[in-house]
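Okay, structure first, notes after.
Small disclaimer: the values here were computed from a predicted structure and weren't measured.
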Amino acid sequence: MTVNRMLPAALAALLAAGACATGSGTPSGTPAAAQAATPAAAQAPASAATPLSISDPWVKTARSGMSAAFATLVNTTGEEVTVVAASTPVSPSVELHEVVGDGGATTMRRKQGGVVIPAGGRHVLQPGGDHIMLMNVRTAIEPGAEVPFTLTLKDGRTVSFTAVAKDFAGANESYAPHE
């Protein structure tokens, strides 16, 4: 009678050990059939689904012309993440920019190679530094408006967020479009 009770438990342990030894990459404790039925995205760690979190996003108000968006980009992964593009419905032309000093003056220019956020690190987009530049704003950005943005990463994934519009009189650097 004792053998009959132990046999099912031993058989279950052997099956579990065999599933772990197959090299299938399924986490231990999860039945292989359940893993096979689960979409790949659901199997990925949460950080792979959302490689960046965006904190304190805001955008400078503008009736037309140029504006800029700012935030802190936090890398939630164990690998470097590179933002290569940005978009928003309020502007047909959006670029990643940096501000560089040149003989005491500051100039904005397109950030070559994108914005790199180190593994587990953060990158601040701020007035007078790296930022998201909106050119040819066609829809007025009024104070308090919520403006949607989408960031495109080097690997093709996208991250969306909403920035609140705020009045801001600073960040009047000149623009160097040919650099």
Side-chain angles (χ1 to χ4, degrees), residues 39-42 44-179:
S47 62
T50 54
L52 289 179
S53 68
I54 314 298
S55 63
D56 303 319
W58 64 281
V59 61
K60 182 178 175 180
T61 58
R63 292 204 181 278
S64 63
M66 295 180 14
S67 182
F70 312 98
T72 299
L73 310 177
V74 180
N75 183 341
T76 60
T77 73
E79 297 180 7
E80 184 177 87
V81 172
T82 303
V83 178
V84 296
S87 62
T88 178
V90 301
S91 174
S93 181
V94 179
E95 296 179 355
L96 302 173
H97 276 203
E98 64 183 346
V99 176
V100 295
D102 185 20
T106 57
T107 304
M108 285 186 290
R109 66 179 181 199
R110 180 176 263 174
K111 187 156 178 76
Q112 298 299 320
V115 175
V116 179
I117 304 99
R122 62 185 52 228
H123 189 88
V124 178
L125 302 176
Q126 62 188 354
D130 292 353
H131 58 278
I132 300 169
M133 191 73 203
L134 288 68
M135 296 170 286
N136 303 318
V137 171
R138 293 186 184 163
T139 303
I141 303 171
E142 302 291 338
E146 294 184 354
V147 180
F149 284 86
T150 300
L151 302 177
T152 302
L153 308 181
K154 187 176 182 179
D155 66 7
R157 290 184 287 176
T158 59
V159 177
S160 296
F161 66 96
T162 301
V164 175
K166 297 180 181 182
D167 284 329
F168 181 70
N172 292 317
E173 301 85 5
S174 63
Y175 175 53
H178 302 293
E179 293 185 31

Next on the checklist: Using 0.5 Å steps for rounding, measure from the CZ atom of Phe70 to the CZ atom of Phe168.
Outcome noted: 6.5 Å
Checklist entry - Is there any salt bridge (charged side-chain N to carboxylate O under 4.0 Å, His left out) pair reaching into residues 122-142, and which pairs are they, with sequence neighbours excluded? => result Arg63-Glu142, Lys111-Asp130
Item to check | Ring geometry between His131 and His97 (parallel below 30°, tilted from 30 to 60°, perpendicular above 60°) | outcome: perpendicular
Next on the checklist: Just verifying a value: how many Å separate Leu134 CG and Ser91 OG, rounded to the nearest 0.5 Å?
Outcome noted: 4.5 Å
Checklist entry - If only atom types and distance count, is the side chain of Asp56 paired as donor or acceptor with the main-chain N or O of Ala71 below 3.5 Å? => result no
Next on the checklist: Measuring from atom CD1 of Ile141 to atom OG1 of Thr61, what distance do you get when rounded to the nearest 0.5 angstrom?
Outcome noted: 8.0 Å
Checklist entry - Do the side chains of Thr88 and Val59 get nearer than 4.5 Å, heavy atoms only? => result no
Checklist entry - Going by heavy atoms in the side chains, are Val84 and Leu153 under 4.5 Å from each other? => result no
Checklist outcome for this item: Closest non-hydrogen atoms of Gly113 and Thr82, given as atom of the first, atom of the second and distance, are O-CG2, 3.3 Å
Checklist entry - Can you name the residues that form a side-chain contact (heavy atoms from CB on, under 4.5 Å) with Asn136, not counting sequence neighbours? => result Pro92, Ser93
Checklist outcome for this item: For Ala86, the side-chain contact (heavy atoms from CB on, under 4.5 Å) test, sequence neighbours excluded, returns Val94, Leu96, Ile132, Leu151
Next on the checklist: So Pro51 and Val159, do their side chains get closer than 4.5 Å, heavy atoms only?
Outcome noted: yes
Checklist outcome for this item: To the nearest 0.5 Å, atom CD1 of Ile117 lies from atom CG of Leu73 at 5.0 Å
Checklist entry - Looking at Pro148 and Pro89, what are the two nearest heavy atoms and their distance? => result O-CD, 3.5 Å
Checklist entry - Among pairs that include at least one residue of residues 144-167, which meet ring-ring contact (aromatic ring centres under 6.0 Å, His included), considering only residues two or more places apart or in two chains? => result Phe149-Phe161
Checklist entry - Excluding sequence neighbours, so at least two apart, what forms side-chain contact (heavy atoms from CB on, under 4.5 Å) with Ser53? => result Val74, Thr76
Checklist entry - Any idea which heavy atoms bring His123 and Val115 closest together, and the distance? => result CD2-CG1, 3.3 Å
Checklist outcome for this item: Rounded to the nearest 0.5 angstrom, the CE-CE distance for Met108 and Met133 is 4.0 Å
Item to check | Thr152 and Thr158 side chains, donor-acceptor separation under 3.5 Å | outcome: no
Checklist outcome for this item: Rounded to the nearest 0.5 angstrom, the NZ-NZ distance for Lys60 and Lys166 is 14.0 Å
Checklist entry - Can you list the residues that meet the salt bridge (Lys or Arg N to Asp or Glu O under 4.0 Å) rule with Asp155, with sequence neighbours excluded? => result Arg157
